[in-house]
Amino acid sequence: MAADQPTVLVVEDEPAQREVLRYNLEAEGFRVAAAGNGEEALVLLDEEAPDVVVLDWMLPNLSGIEVCRQIKTRSETRGLPVIMLSARSEEVDRIRGLDTGADDYVVKPYSLRELMARVKAQLRRARPAAAGLRLEFEDIVLDSETHRVTRDGQELKLGPTEFRLLSTFMEKPGRVWSREQLLDRVWGRDIYVDTRTVDVHIGRLRKALGAHGGEDPLRTVRGAGYALG
Ligand code: CA
C-alpha cells in the first residue's frame, strides 16, 4: 500500500453500511478510518488527520450536522471536505438550508460509483498532489506526475521519502505537522518507524532544498513539529 494514500473518515452508525463504504473506498485505494457516532468521529479527526469526511446526517446523540459544524468551526479542520449523506432528498434540502458548511450532499440510497466519484472530486480539491498535479510554493515547484522538483528553475535531487515529505508540506503551506502525522502520511501506519527518523529526513530535505542557495523554507515549531512557510 502506498504510504501517502489519502485517508477517508467514514461516519455512519449502521455497521453494514459502514462496512460497505469501507470496502469500496479501500478498493479505490483509500485508507479508511470509520466511526459509528459523532463523538468517535471527532476523536478520529485528530488522530487520523483525514483528507475527506463522508458523514451520515442521522447519527445517535451528536448529529452529522453538529459534527459538520464542529469540523467547519475549528481552524485545523475548516478546509477539510465533508460529504453529507442523507436518507431523503427533502432532508438534503433541509441540511443545505441549515448552512452546515458541508462541501457536498448525497442522497441515500446512493450509487456507490457516484459517491466514489464525489469523494475523488473533493480529494482533487483538497490534496492536489495525491491527484497528480503541480504544486507551487514561492520559488519551489513540485510536479507529482513526473516526480520533479525545481527551485528557482533549477532541478533538485530528492529521495523518495523527501519527495513525499515535500508534497505533504506543499499541499498545505503553513500547516504545522507533528512528527506522528508526518510518519502516518509519509511512511504509512503499518510500519514502525521511530519519530527521530522524521528529523533525519527533514534534515535531508532542507539540504536538498538549499542545494542551489535560497532561504530554508521549513520551519521547526518547538514542541509541535514542522511547517512549510
Ligand atoms: Ca444513520
Side-chain angles (χ1 to χ4, degrees), residues 1-2 4-128 130-131 171-172 175 178 180-181 184-185 188-190:
M1 292 241 168
D4 56 349
Q5 256 179 313
T7 301
V8 179
L9 173 61
V10 171
V11 191
E12 167 64 77
D13 57 317
E14 308 286 338
Q17 290 195 39
R18 198 163 61 230
E19 288 316 306
V20 166
L21 284 171
R22 180 201 289 283
Y23 178 84
N24 282 275
L25 286 162
E26 285 179 351
E28 295 284 339
F30 296 106
R31 199 170 71 78
V32 175
N37 59 58
E39 292 80 359
E40 200 185 332
L42 293 177
V43 172
L44 289 180
L45 268 184
D46 293 330
E47 286 180 357
E48 307 282 335
D51 301 289
V52 178
V53 181
V54 174
L55 176 62
D56 186 28
W57 179 32
M58 294 298 284
L59 296 169
N61 305 321
L62 196 60
S63 75
I65 289 174
E66 191 47 42
V67 174
C68 187
R69 280 209 180 108
Q70 295 208 24
I71 291 172
K72 296 296 177 181
T73 308
R74 296 181 184 181
S75 59
E76 322 83 72
T77 53
R78 190 171 293 149
L80 178 63
V82 176
I83 302 172
M84 291 274 285
L85 304 178
S86 182
R88 289 192 301 270
S89 55
E90 306 94 82
E91 287 175 348
V92 167
D93 290 343
R94 229 181 100 203
I95 45 180
R96 270 206 188 100
L98 284 170
D99 191 25
T100 54
D103 299 86
D104 201 357
Y105 307 85
V106 174
V107 179
K108 288 182 177 179
Y110 45 80
S111 124
L112 276 164
R113 203 201 292 188
E114 190 198 338
L115 181 61
M116 295 301 134
R118 300 226 193 165
V119 168
K120 286 177 190 166
Q122 291 299 330
L123 181 71
R124 272 195 296 281
R125 195 172 64 74
R127 283 199 62 193
E171 280 173 354
K172 288 176 182 156
R175 172 179 167 162
S178 70
E180 290 74 18
Q181 286 169 336
D184 285 350
R185 172 134 304 167
R189 327 201 100 221
D190 307 332

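Since the model is a prediction, treat every value here as computed from it, not as a measurement. Each ligand, and each atom within it, is numbered from 1 in the order the structure gives.
- Contact of the L62 side chain with the N37 side chain is not registered, since no non-hydrogen atoms from C-beta on lie closer than 4.5 Å.
- The side-chain heavy atoms of V52 and F30, taken from C-beta on, include no pair separated by under 4.5 Å.
- D56 has a carboxylate O that lies under 4.0 Å from a charged side-chain N of K108, or vice versa, which qualifies the two as a salt bridge.
- A salt bridge is absent between D104 and R125: the closest approach of a Lys/Arg side-chain nitrogen to an acidic carboxylate oxygen does not fall below 4.0 angstrom.
- Taking the side chain as every heavy atom from C-beta outward, L59 and E66 never approach each other to under 4.5 Å.
- Below the 3.0 Å limit, the Ca ion (ligand 1) has as protein N, O or S neighbours D13 OD1, D56 OD2, M58 O.
- In this structure, the side chains of D51 and R185 come closer than 4.5 Å at one or more pairs of heavy atoms.
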